[in-house]
Amino acid sequence: IETAHGLGKTVILSYHNFDGTDSTDRFEQVIRDAKEVGADIVKMATRCSGPADVQTLADVTLSNRDASLITIGMGAHGALSRLFFPVLGSLMTYTFLGTPTAPGQFDLADTCRLLRTFYPRYAAERPLDRGSDE
């Protein structure tokens, strides 16, 4: 972390739970621990088994809007988070080319189409996507 910062690089510390969604208290501890060791951005991705898990992630995202977080729900129930958590304060979403790297991801074409649908500003600022001739 010190070396990355010394080179002017942003440090993203990533926490994944492929088994389930943690408690709000556990997420808050992950954020504190990551920030204490120097993380600029904390990424947390967990498997969501239902709407309550998505709500937990949403609550953590909203209550930490100023903490530079990336929060993503994995799995079919978590897919919604990939589109709507940026409006709650999550800094980014993930997509894929070819083969998905985590359950619940949308491919690049679908991600771009959906982002343009739900985020008019994105559509105005990002008129091109991969495969365009322009």
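Just the heavy atoms: all of them, side chains too, but no hydrogens, waters or symmetry mates, feed the values below.
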Within a strict 4.5 Å, meaning less than it, do heavy atoms of the Thr46 and Asp53 side chains meet? no
Using a 4.5 Å cut-off on heavy atoms from C-beta on, say whether the side chain of Tyr94 contacts that of Thr111. no
Interatomic spacing from OG1 in Thr71 to NZ in Lys43 - rounded to 0.5 Å: 11.0 Å
Measure the CZ-OG1 distance between Phe106 and Thr93 for me, rounded to the nearest 0.5 Å. 8.5 Å
Carefully, step by step, assess Asp107 and Phe96 under the rule side-chain contact (heavy atoms from CB on, under 4.5 Å). CA-CA 5 Å; Asp107 69 19; Phe96 69 91; 3.5 Å; yes
Between Gln29 and Arg32, a side-chain donor and acceptor under 3.5 Å: yes
Can you tell me how far CG of Asp19 sits from OG of Ser49, rounded to the nearest 0.5 angstrom? 9.5 Å
Determine whether Asn64 and Glu28 make a side-chain contact, defined as any pair of heavy atoms from C-beta on separated by less than 4.5 Å. yes
Closest approach of Pro51 and His77, non-hydrogen atoms and distance? CD-ND1, 4.3 Å
For the student: nearest non-hydrogen atoms of Lys35 and Ala39, plus distance: CD-O, 3.5 Å
Below 4.5 Å, heavy atoms only, C-beta onward: do Met74 and Gln105 meet side chain to side chain? no
Is it true that the side chains of Thr56 and Thr21 contain a donor and an acceptor less than 3.5 Å apart? no
Test of understanding: clusters of I, L, V, M, F, W, Y form through side-chain heavy atoms closer than 4.5 Å, transitively. Do Val42 and Tyr15 belong to the same one? yes
Roughly how far, to the nearest 0.5 Å, is the CE atom of Met92 from the CD1 atom of Ile12? 5.0 Å
Do Phe85 and Ile70 come within less than 4.5 Å of each other through their side chains, counting heavy atoms only? no
Working to the nearest 0.5 Å, report the span between CG of Leu13 and CD1 of Ile1. 4.5 Å
Do you know the tightest heavy-atom contact between Val11 and Ala4? CG2-CB, 3.6 Å
Would you say the side-chain atoms of Arg65 pair up with the backbone N or O of Leu88, donor to acceptor, closer than 3.5 Å? yes
How are the rings of Tyr119 and Phe84 set relative to one another: parallel (under 30°), tilted (30 to 60°) or perpendicular (over 60°)? tilted
Grab the two heavy atoms, one from Gly73 and one from Cys48, that are nearest each other, plus how far apart they are. CA-SG, 3.7 Å
Arg47 and Phe18: which non-hydrogen atoms are nearest, and at how many Å? NE-O, 3.1 Å
Answer with yes or no whether the hydrophobic clustering places Leu114 together with Val54; edges join I, L, V, M, F, W, Y residues whose side-chain heavy atoms lie under 4.5 Å apart. yes
Could you tell me whether the side chain of Ile31 reaches within less than 4.5 Å of the side chain of Met44, counting heavy atoms only? yes
State the OG1-CD distance between Thr61 and Gln55, to the nearest 0.5 angstrom. 12.0 Å
same_hphob_cluster(Leu83, Ile72) at 4.5 Å side-chain heavy-atom cutoff: no
Is it the case that one hydrophobic cluster holds both Leu91 and Val87, taking links as side-chain heavy atoms less than 4.5 Å apart, direct or via other members? no
Could you pull out the closest heavy-atom pair between Asp22 and Phe27, with the gap in Å? O-CE1, 3.3 Å
